[in-house]
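Written out below as structure tokens is the structure these notes cover.
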Amino acid sequence: MGSRRSLQIVRPSILQLIFWGILGGSANSLFSWLSADEIGQFNSQGLISYALWPFIALIVGIFLSQRINNLRLMLVPALLWLVLDTHIALLQSLIQYLGYIDVLPYMFYDYLPTIFMVLFVWQSLAVVWVFSRELKWPWWERALIVAATLFTLVVWQMSVKNQPIWKVEETPPSFAEDAFYAQSRILNKSLESIQYGEFAQSHWYFLGVAGAGYQDVFKSEVERIKEQFDTRFGTFGRSMVLVNNPETRTQIPIASRTSMEMALRRIGQQMNKESDVLFLYMTSHGLPNEFEMENAPIDLNDVDPKWLRDTLDKSGIRWRVIVISACYSGSFVPALQDDNTLIITASAADRSSFGCSNEADYTYFGRAFFDQAMREQMSIEGAFEQTKKTVAQWETAQGFEASEPQWSIGKNMEFMLPQLEQRLFPADLKTEIKTETPQLSVAAQ
């Protein structure tokens, strides 16, 4: 904190310097390892770069001890710097670990690089400030040394980002030849598997879209939801998914505007337009009026509300239930609204949604709506109301800003939905849900 009491407390020795040097290097190695997501290779250059600063502090100590003729002062700057650096590195490691296990409030993520920079700069400035006060440097000398130290620290910190102690070698994304030639066959096979709707009854068709390929949660989520719809809600033979993920390129069609348009057109051709309904689920990252499509190194166009509305209209699909799980997904509501459509979004137009990580099977909204509410409720509206409460509780517990899931239903769909839900929630399934609900409540308690 810049207090001169630190000089009264410290009793410097070579053994202390070695001990804190090893401890400081270990703490910074831990932080670098956590920052590299526990992978990468040890980088000796990064450790040498770290050792530069206590070495500079040692040189400063030698200079100061000669200037004021006090040999005891020789090791003090380096020792104070190492002690403070060790504690700061451990604090940074804790923060990094909390982010890794997804318990750090999301509001902090944008500020972490700045916080870490300030902590690093502050530890050196604190040592300089202590000595400037103790040695009674004139104000101009104090200001000059602090400014020079600050400039050197910032420049050095920015220049060594490419030399961490644990370094992850970035490899450019690639698209294998077998996947390139397999995609056309996989997409056509998926489209051909969509069955006709029977004229005498209503059927639900399911299309799941996982947009961002760099996080596994979206792939996992649409695959689980498709299985749930096929086995529980009777969409087997009338469902397909489009997934952007490196692991599924030879197994599942990639998600793009082109594949979405082809899938919606095929579903529109196969369904009974008067009595069948589409359940479209889209999950990814997003921005206002933008649903991210990413499958590097392919350059994919993102989905925007106008394009999605035009594509749905061209498909000829009349009855639509559209669920979008992404940040700012509420911005899609105005363009998609019509009398025959129900729209559900994971967030308001100006809010983020949460739960996106490689370790998760569902996003917050996906788990609350599909894995919980759609298993316990007997209507989509009931499932949505339960989801709003569940997501709000989770977000409050994590300190997140409320995502505020949205619901918008057209007047014709509001009248038609109970009839369509008779197929989605048949009488035997309702009995099963009623039987299961008390057991779920007991398990939750």
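Please read all numbers here as calculations on a predicted model, not as lab measurements. These values consider heavy atoms only, across backbone and side chains, with no hydrogens, waters or symmetry-generated copies.
Residue Asp178 qualifies as enclosed at atom CG: its count of foreign heavy atoms under 6.0 Å is above 12. Summarising the local packing, CD of Gln201 is surrounded by more than 12 heavy atoms from other residues, nucleotides or ligands at distances under 6.0 Å. Within a 6.0 Å radius of CZ in Phe42, other residues, nucleotides and ligands contribute more than 12 heavy atoms. Taking a 6.0 Å sphere around NZ of Lys388, one finds it holds 12 or fewer heavy atoms contributed by other residues, nucleotides or ligands.
If you take CG on Asn28 and CG on Leu47, they are separated by 9.0 Å, rounding to the nearest 0.5 Å. Interatomic distance, Ile344 CD1 to Leu280 CG, rounded to the nearest 0.5 Å: 11.5 Å. Here CD1 of Ile225 is found 7.0 Å from OG1 of Thr283. Values are rounded to the nearest 0.5 Å. Between atom CG of residue Asp85 and atom CG of residue Leu90 there is a gap of 9.5 Å, rounded to the nearest 0.5 Å. To the nearest 0.5 Å, the span separating CE on Met416 from CE on Met413 amounts to 8.0 Å. Expressed to the nearest 0.5 Å, how far CD of Glu294 lies from CG of Asp302 amounts to 9.5 Å.
When each of Lys306, Arg320, Arg265 is paired with Asp313, the salt bridge (Lys or Arg N to Asp or Glu O under 4.0 Å) condition holds for Arg320 and for no other.
Residues Leu187 and Met262 are in side-chain contact: their nearest non-hydrogen atoms beyond the backbone lie under 4.5 Å apart. Contact of the Val222 side chain with the Val209 side chain is not registered, since no non-hydrogen atoms from C-beta on lie closer than 4.5 Å. Side-chain contact between Ile343 and Gln406 is absent, with no heavy atoms from C-beta onward closer than 4.5 Å. Within the 4.5 Å cutoff, no side-chain heavy atoms of Met293 are placed close to those of Asn301. A 4.5 Å side-chain heavy-atom check between Val333 and Gln337 finds at least one atom pair inside the cut-off. Side-chain contact check for Phe354 versus Gln398: every heavy-atom pair is 4.5 Å or farther apart. With a 4.5 Å cut-off on side-chain heavy atoms, Thr86 and Trp20 count as touching. At least one side-chain heavy atom of Cys356 sits less than 4.5 Å from a side-chain heavy atom of Phe218.
In this structure, the side chain of Ser329 does not engage the main chain of Ser325 through any donor-acceptor pair within 3.5 Å. Between the Ser331 side chain and the Asn289 main chain, a donor and an acceptor come within less than 3.5 Å of each other. At least one donor-acceptor pair under 3.5 Å links the side chain of Asp276 to the backbone N or O of Asn272. A donor-acceptor contact shorter than 3.5 Å is absent between the side chain of Ser347 and the backbone of Ser353. At least one donor-acceptor pair under 3.5 Å links the side chain of Gln228 to the backbone N or O of Phe370. At least one donor-acceptor pair under 3.5 Å links the side chain of Thr235 to the backbone N or O of Asp230. Not one N or O on the side chain of Ser32 forms a donor-acceptor pair closer than 3.5 Å with the backbone of Ser29. Side chain of Lys273 to main chain of Gly268: a donor-acceptor pair is present (N/O by atom type, distance under 3.5 Å, no hydrogens or angles). A distance-only check finds a donor-acceptor pair linking the side chain of Gln183 to the backbone of Ile254 [under 3.5 Å].
Between the side chains of Arg249 and Asn244, no donor N or O sits under 3.5 Å from an acceptor N or O. Counting only N and O atoms by type, the side chains of Glu395 and Ser403 include a donor and acceptor under 3.5 Å apart. No donor-acceptor contact under 3.5 angstrom links the side chains of Thr248 and Asn245, judged on distance only. Side-chain polar atoms of Ser284 and Glu292 form no donor-acceptor pair below 3.5 angstrom. No hydrogens or angles considered: a donor-acceptor pair under 3.5 Å links the side chains of Arg224 and Ser220. Residues Glu421 and Ser379 have side chains that never bring a donor and an acceptor to within less than 3.5 angstrom of each other. Under 3.5 Å, the side chains of Ser259 and Ser256 contain a donor-acceptor pair of N or O atoms. Side-chain polar atoms of Ser352 and Glu401 form no donor-acceptor pair below 3.5 angstrom. Residues Tyr281 and Glu221 have side chains that bring a donor and an acceptor to within less than 3.5 angstrom of each other. With no hydrogens or angles considered, a side-chain donor-acceptor pair links Gln215 and His285 at under 3.5 Å. At a cut-off of 3.5 Å, with distance as the only test, no side-chain donor of Gln195 or Gln270 sits close to an acceptor on the other residue.
Using cut-offs of 30° and 60° for the angle between ring planes, the Phe180 and Phe175 rings count as perpendicular. Ring geometry, Phe369 versus Phe365: the interplanar angle falls under 30°, so the pair is classed parallel (tilted spans 30 to 60°). The aromatic rings of Tyr50 and Trp81 lie tilted to each other, with the angle between the two planes from 30° to 60°. Trp204 and Phe279 have tilted rings, their planes meeting at an angle from 30° to 60° on a 0 to 90° scale.
Salt-bridge formation is not detected for the pair Asp310/Lys314: no Lys NZ or Arg NE/NH1/NH2 atom is positioned less than 4.0 Å from an Asp or Glu carboxylate oxygen. Contact check on Asp304 versus Arg257 returns a salt bridge, with a Lys/Arg side-chain nitrogen under 4.0 Å from an Asp/Glu carboxylate oxygen.
Nearest approach of Ala326 to Gly286, heavy atoms of both residues: CB-N, 4.1 Å. Taking every heavy atom of both residues into account, Ile317 and Leu264 meet most closely at CD1-O, 3.7 Å. Taking both residues in full, the closest heavy atoms of Leu420 and Ser275 are given as CD2-O, 3.5 Å, listed atom of the first, atom of the second, then distance. Closest of all the heavy-atom pairs between Ala383 and Ala373 is O-CB, 3.3 Å. When all heavy atoms of Ala255 and Leu300 are compared, the pair lying nearest together is O-CD1, 3.5 Å. Taking both residues in full, the closest heavy atoms of Trp394 and Gln372 are given as CZ2-NE2, 3.6 Å, listed atom of the first, atom of the second, then distance.
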Subject >> Full working for side chain to side chain contact (heavy atoms under 4.5 Å, CB included) between Phe236 and Phe229 >> reply: CA-CA 8 Å; Phe236 183 79; Phe229 267 72; over 6 Å; no

**OP:** Please assess Ile194 against Tyr205 for the test side chain to side chain contact (heavy atoms under 4.5 Å, CB included), listing each intermediate value before the final yes or no.
**Re:** CA-CA 9 Å; Ile194 303 296; Tyr205 285 74; 3.7 Å; yes

**OP:** Show your reasoning for whether side chain to side chain contact (heavy atoms under 4.5 Å, CB included) applies to Phe206 and Arg238.
**Re:** CA-CA 7 Å; Phe206 175 83; Arg238 298 179 179 87; over 6 Å; no

**OP:** Show your working on side chain to side chain contact (heavy atoms under 4.5 Å, CB included) between Leu207 and Leu242 and close with a plain yes or no.
**Re:** CA-CA 8 Å; Leu207 175 61; Leu242 305 172; 4.2 Å; yes

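Remark: aromatic rings of Phe116 and Phe31 are close, center separation under 6.0 Å.
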